[in-house]
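On a predicted model such as this, the values are computed, not experimentally measured, just so you know. The first residue of the sequence shown is numbered 1, and numbering continues consecutively from there.
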Amino acid sequence: MLSLRPIRRFCHAAASAVGSSECSSTAAAAAVVASSKVFNLKDLEEPALVKLKAERDPDKLFQLFKANAHNRIVIENRFIFEDMVSRLAGARRFDYIEHLLEHQKTLPQGRREGFIVRIIMLYGKAGMTKNAIDTFYDMHLYGCRRTVKSFNAALKVLTQSHDLRAIEDFLREVPLRFGILLDVFSINIVIKAYCEMCILDKAYLIMVEMGKVGIQPDVITYTTLMSAFYKYNRYEIGNGLWNLMVLRRCMPNIATFNVRIQYLVNKRRAWEANRVMSLMPNIGIAPDEVTYNLVIKGFCLAGYMEMAKRVYSALHSKGFKPNIKIYQTMIHYLCKEGDFGLAYTMCKDCMQKNWFPNVLTIHALVEGLKKNGQLGKAKAIITLAQKRVPPFSSKQLGALRSVLSKH
């Protein structure tokens, strides 16, 4: 097991850090809000933004950004920058991204932590981890003060690399070097990274160690850990985390309940999953489409199709509309049960919304309708399948048509 000593050393140092760090975090929060301002529709009508949004050629896009390098409307619009970075990264023009973002640091906005945080995250979005970390280390060169906000941004980008040694070195050295006090967001970033790397024991122990220095886990901490332990079939720890969260009066949210219900469905405990969903409104949490889909799937897997249909009906009565995952689940299992009439109605309904079940499910439905002598309905499904955008492949459509030609 990986040693926790570097993390512990940081924890003890962080516990004795001066209170001024908290003040700087508060000021930074205001800066982040200011830099994340969403412009109204009038701003979006500005010619520069319209041209930038429409341009698809990476070279022309780069030149447009250069020409608007001091245009405040462009500079302050984070959405246009995210779109620009995505498109240039897709074209593998990382040189253009670096040129544009490095120039942004030299602007007066570069003295705002929120603005630099955005640049760090944009580098991360492009997969340019070194540029992101260098930006954090060089913040003093732009007259910008570091707080836990920019630390967390750099840490988040670094964890995307899944470089365990680099992550632990950053955690051990940087907070002490710059007098940064970790917060629960820092811990959640690290725990999520360790869970993604399947270092579950380490992730759990970090939660325990941070609790000892006053950083209490929140609902995101528990949900992340529960999801990981359930995913890797370590149900006893996942259940223990659920109980610990309740014991510590940390209120679960919709994601936590969905993680718990997913676990129960995987264990074929459909009735318990349904009971958990029915308890959610008692604490002010309404089930969402994910919850309903999980419970429906649970009953389908357990062979209780009538209950699945009842939950499907309840979804409508609560004001929800089925999404493609719910349609896929219901149509698949209705075909397996032989209820091709209801499967046809649902399949037709979702296809008309340009939501399509997978080809195997459509194939099973067409075969079932043909066997039942409902050739008209089978042809109607194939006709709708041909209208899919983007289209099914010619091979897939050919396989569907071949069903009708069989004797």
Side-chain angles (χ1 to χ4, degrees), residues 28 31-144 146 149-163 166-167 170 189 192-193 196 389-390:
V32 171
V33 171
S35 68
S36 302
K37 178 183 175 184
V38 180
F39 285 84
N40 58 33
L41 291 175
K42 185 176 180 180
D43 292 323
L44 294 175
E45 292 171 359
E46 293 292 335
L49 292 180
V50 172
K51 291 177 182 177
L52 287 166
K53 188 175 181 180
E55 185 56 66
R56 287 292 175 263
D57 182 276
D59 297 314
K60 293 179 180 178
L61 181 63
F62 171 68
Q63 294 301 330
L64 267 175
F65 261 95
K66 278 189 67 176
N68 287 276
H70 295 275
N71 184 334
R72 187 177 180 84
I73 292 176
V74 172
I75 294 167
E76 296 286 356
N77 193 302
R78 64 186 179 90
F79 298 108
I80 201 72
F81 265 89
E82 288 174 3
D83 185 53
M84 176 271 293
V85 167
S86 292
R87 282 188 275 159
L88 291 179
R92 303 195 66 78
R93 294 312 306 258
F94 303 109
D95 54 334
Y96 284 171
I97 295 172
E98 183 174 16
H99 180 97
L100 294 170
L101 295 185
E102 289 303 307
H103 177 264
Q104 291 295 299
K105 298 177 188 178
T106 66
L107 301 177
Q109 288 89 340
R111 293 192 292 271
R112 297 200 323 248
E113 187 182 29
F115 192 78
I116 296 299
V117 163
R118 190 178 78 178
I119 292 174
I120 291 171
M121 298 304 293
L122 286 170
Y123 270 133
K125 188 178 182 72
M128 302 170 71
T129 305
K130 184 179 184 304
N131 295 73
I133 302 304
D134 287 346
T135 298
F136 171 79
Y137 280 124
D138 293 342
M139 285 175 67
H140 62 283
L141 299 178
Y142 324 123
C144 185
R146 299 176 192 83
K149 301 290 183 181
S150 48
F151 172 83
N152 287 345
L155 178 62
K156 186 174 180 62
V157 170
L158 187 58
T159 59
Q160 293 169 5
S161 69
H162 289 182
D163 185 336
I167 294 167
F170 193 79
I189 291 167
K192 182 181 179 182
E196 289 174 349
V389 179

Quiz item: Under 3.5 Å, is there a donor-acceptor pair between the side chain of S86 and the main chain of E82?
Solution: yes

Practice problem: Measure the spacing between OG1 of T135 and CD of E102 and express it to the nearest 0.5 Å. | Solution: 5.5 Å

Quiz prompt | Which atom of S150 lies closest to which atom of V117, heavy atoms considered | solution = CA-CG2, 3.7 Å

Quiz item: Is there a donor-acceptor pair closer than 3.5 Å between any side-chain N or O of Q109 and the backbone N or O of E76?
Solution: no

Quiz prompt | Euclidean distance, L88 CG relative to D83 CG, rounded to 0.5 Å | solution = 9.5 Å

Practice problem: Check whether any side-chain N or O of R146 sits under 3.5 Å from a backbone N or O of F136 as a donor-acceptor pair, and report yes or no. | Solution: yes

Self-check item: Nearest-0.5 Å distance, CE of residue M84 to CZ of residue R93
Solution: 13.5 Å

Quiz item: What is the minimum heavy-atom distance between C144 and R111, and which atoms define it?
Solution: SG-O, 3.7 Å

Self-check item: Derivation of the side chain to side chain contact (heavy atoms under 4.5 Å, CB included) call for I97 and F94
Solution: CA-CA 5 Å; I97 295 172; F94 303 109; 4.2 Å; yes

Quiz item: Hey, is the main chain of K60 close enough, under 3.5 Å, to the side chain of D57 for a donor-acceptor pair?
Solution: yes

Quiz prompt | Minimum heavy-atom distance I189-N152, with the two atoms named | solution = CD1-O, 3.5 Å

Quiz item: To the nearest 0.5 Å, what is the distance between NZ (K51) and CG (N68)?
Solution: 8.0 Å

Quiz item: M139 and I116: which non-hydrogen atoms are nearest, and at how many Å?
Solution: CG-CG2, 3.7 Å

Quiz item: Nearest 0.5 Å, what's the NE2-CD distance between H103 and E98?
Solution: 14.0 Å

Quiz item: Is there a donor-acceptor contact under 3.5 Å from the side chain of N77 to the main chain of I73?
Solution: no

Quiz prompt | Side chain proximity check, L158 to D163, heavy atoms < 4.5 angstrom | solution = no

Quiz prompt | Shortest non-hydrogen separation from A154 to I133 and the atoms involved | solution = O-CD1, 3.5 Å

Practice problem: Given side-chain hydrogen bond (donor to acceptor under 3.5 Å, both in side chains), test T159 with K192 step by step and report yes or no. | Solution: CA-CA 9 Å; T159 59; K192 182 181 179 182; over 6 Å; no

Self-check item: For the student: nearest non-hydrogen atoms of V157 and A132, plus distance
Solution: CG1-CB, 3.6 Å

Quiz prompt | R87 side chain to L61 backbone, donor-acceptor under 3.5 Å | solution = no

Practice problem: Kindly write out the residues that satisfy ring pair (Phe, Tyr, Trp, His ring centres under 6.0 Å) with F65, not counting sequence neighbours, or none if the list is empty. | Solution: F81

Quiz item: After noting the C-alpha distance and the side-chain angles of Y123 and T129, does the key distance pass the side chain to side chain contact (heavy atoms under 4.5 Å, CB included) rule?
Solution: CA-CA 7 Å; Y123 270 133; T129 305; over 6 Å; no

Quiz prompt | Listed partners of D134 passing side chain to side chain donor-acceptor pair (under 3.5 Å), at least two apart | solution = K130

Self-check item: NZ/NE/NH1/NH2 to OD/OE distance under 4.0 Å, D138 and K105
Solution: no

Quiz item: Should the pair F62 and Y96 be assigned to parallel (<30°), tilted (30 to 60°) or perpendicular (>60°) ring geometry?
Solution: parallel

Quiz item: Once you round to the nearest 0.5 Å, how far does NZ of K125 lie from CD of Q160?
Solution: 10.0 Å

